[in-house]
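So the structure is just underneath, and the comments pick up after that.
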Amino acid sequence: MKLNIAVLPGDGIGPEVTAQAVKVLKAIAMEFNHVFTFNYALVGASAIDKHGTALPQETIDICTKADAVLFGAIGKTAFDLDPDAKIRPEQGLLGIRKALGLHTNIRPIIAYDDLLSKSSLKVRQIKDTNILIYRELTGGIYFGDRSLSEDGNTASDVCTYHRFEIERIAHQAFKAAQSRKRKLALVDKANVLESSRLWRRVVLEIAPQYPDVKVNYLYIDNAAMELIIRPRQFDVILTENMFGDILSEEASVIVGSIGLLASASLGDEHAMFEPIHGAYTKAANKGIANPIASILSAAMLLDHFGLDEEAALVREGVDKSLKLHITTPDLNNKYDNISTTKVGDFIEDFINNPDETNLNFTNIHLGQSTII
Ligand code: IPM
Ligand code: MG
């Protein structure tokens, strides 16, 4: 298969982790005789520094022409402390989601057996958790009108949803539930918000079309608690933009590190694959950022094109790295010298030589390999 992949490494740890995902995709292309080409473009603070905008037109063009986009992370500490900045790195990410019409964001939350002890939650609480969060990505309060009064003392952000925006993601979430444990939880704040009542009305209307799916309706405050206390009760979670942002980051506690969570952002014509974590500027260029979220996002890219065997091999490599503690410091308490690049090298090597008997593999296990 020929794929033209736009790569937007972005800021902070984005370039380091994305480089590992690209390395893994190149190994897959080599092993399976695919032709993947990679076109790089600027986004976020790195684009602001060069072009004065977080999303240059050239970046949009490269992404529009691509078959898929691999996204790193955006953000810069200087902007976090400057609420008056008119141009902000996040505009790059929100802008590309909007420009490509990426309305459906899918975030898998899987508790790996090998990492159960890394979570701050109890093992018996989180074991076997496997949730798919369907987060609406191009509507709601993220994209509503904003205002700040002239005296600077009053501000507003409007949360608007249209029926079609809810319907298109709801159908996808129901279909996903049908192929899993046939449970769907709609998370909203319908006791307070009119926009949430529209979500509830639309989902109540659609539900009879999927009689085999059991639907549960939760308020966001209650869902935030249930997710931590009894995560196994959830199968597919469907929710609007901001609730999905918050719930998915909360869910990373179950998995042990936010550095593990990947996502696919899908539209009618385009697809982007992005870790759910941010730029983590403090950790940039130290080799300590976990590349797994980015590598698993690359696996979701392969899924998207029906490259099942390829995606499975990437996931097997990730599983192996976790089992052997070839992991960055956010997860590792066994070896202290495993860098971002070493994790990527290990998974690349696994793809080239999945046979456990190969020498590199054994050496890696012992922490003695020259390639790590
Ligand atoms: C995410 C991020 C983004 C979001 C930020 C960086 C704009 O937190 O993808 O979860 O809020 O959507
Ligand atoms: Mg977030």
Side-chain angles (χ1 to χ4, degrees), residues 8-15 17-18 21 42-48 53-55 59 63 69-83 85-109 131-144 146 157 159 161 165 169 187 220 223-224 227 237 239-255 257-267 271-284 289-290 292-294 296-297 300-301:
L8 275 49
D11 311 322
I13 60 168
V17 296
T18 309
L42 290 172
V43 71
S46 45
I48 296 175
T53 163
L55 184 60
T59 299
C63 293
V69 182
L70 191 62
F71 193 95
I74 45 97
K76 195 172 174 182
T77 324
F79 292 92
D80 298 341
L81 300 173
D82 179 10
K86 290 277 174 292
I87 299 173
R88 315 187 60 85
E90 290 75 12
Q91 291 161 347
L93 178 53
L94 301 182
I96 198 70
R97 286 174 180 168
K98 198 68 173 179
L100 301 180
L102 307 173
H103 46 72
T104 298
N105 180 232
I106 306 169
R107 301 187 159 186
I109 312 293
I131 304 171
L132 260 194
I133 297 182
Y134 271 70
R135 168 188 176 194
E136 201 290 327
L137 204 60
T138 50
I141 201 164
Y142 271 61
F143 291 94
R146 300 188 202 297
D157 299 275
C159 179
Y161 266 108
E165 292 174 308
I169 188 169
V187 173
I220 176 69
L227 185 62
I237 293 179
T239 192
E240 61 95 72
N241 204 341
M242 190 156 78
F243 297 158
D245 176 45
I246 299 169
L247 270 195
S248 56
E249 185 136 343
E250 184 194 1
S252 71
V253 179
I254 300 167
V255 183
S257 168
I258 194 168
L260 295 166
L261 295 192
S263 86
S265 302
L266 309 179
M272 185 162 97
F273 301 86
E274 42 174 323
I276 86 154
H277 61 67
Y280 192 19
T281 317
K282 283 202 297 275
N290 193 335
I292 299 292
S294 188
L296 289 176
S297 298
M300 292 184 88
L301 183 155

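Start at 1 and go down the list; that is how both ligands and their atoms are numbered. Bear in mind that the values here come from a model prediction, so they are computed numbers and not experimental data. Residues take their numbers from the sequence shown, with the count starting at 1.
- Protein heavy atom at the shortest distance from atom 7 (C) of ligand 1 is Glu90 CG, 3.9 Å.
- When only non-hydrogen protein atoms are considered, atom 2 (C) of ligand 1 lies nearest to Asp245 OD1, 4.0 Å.
- Side chain of Arg135 to main chain of Arg107: no donor-acceptor pair is present (N/O by atom type, distance under 3.5 Å, no hydrogens or angles).
- In this structure, Phe273 and Ser297 approach most closely via the heavy-atom pair CB-O, 3.5 Å.
- When all heavy atoms of Leu94 and Tyr142 are compared, the pair lying nearest together is CD2-CD2, 3.6 Å.
- Under 4.0 angstrom from ligand 1, there are no non-hydrogen atoms of Gln91.
- Proximity of Met242 to ligand 1, defined as any heavy-atom pair under 4.0 Å, is not found for any part of the residue.
- Ranking the protein heavy atoms by distance from atom 11 (O) of ligand 1 puts Tyr142 OH, 2.5 Å first.
- Of all the heavy atoms in Pro89 and Asp11, the pair that sits closest is CB-OD2, 4.0 Å.
- The side-chain contact (heavy atoms from CB on, under 4.5 Å) with Leu227 is formed by just one residue from the set Val253, Val187, Ile237; it is Ile237.
- For the pair Glu136 (side chain) and Thr138 (backbone), a donor-acceptor distance under 3.5 Å is present.
- When all heavy atoms of Glu165 and Gly139 are compared, the pair lying nearest together is OE2-CA, 4.0 Å.
- Per-residue contacts place Arg107 under 4.0 angstrom from the following atoms of ligand 1 (heavy atoms of the residue considered): 1 (C), 9 (O), 10 (O).
- The shortest N or O to N or O distance between Arg135 and ligand 1 is under 3.5 Å.
- Excluding waters, the set of protein N/O/S atoms under 2.8 Å from the Mg ion (ligand 2) reads Asp245 OD1.
- No more than 12 heavy-atom neighbours from other residues, nucleotides or ligands sit within 6.0 angstrom of OH on Tyr280.
- The minimum heavy-atom distance between Asn105 and Glu274, with the atom names listed, is ND2-OE2, 4.5 Å.
- Interface of Arg97 with ligand 1, defined as ligand atoms under 4.0 Å from a residue heavy atom, comprises 1 (C), 4 (C), 9 (O), 12 (O).
- For atom 5 (C) of ligand 1, the closest non-hydrogen atom of the protein is Leu93 CD2, 4.2 Å.
- For the residue pair Ser265 and Leu102, the shortest heavy atom distance occurs at O-CD2, 3.4 Å.
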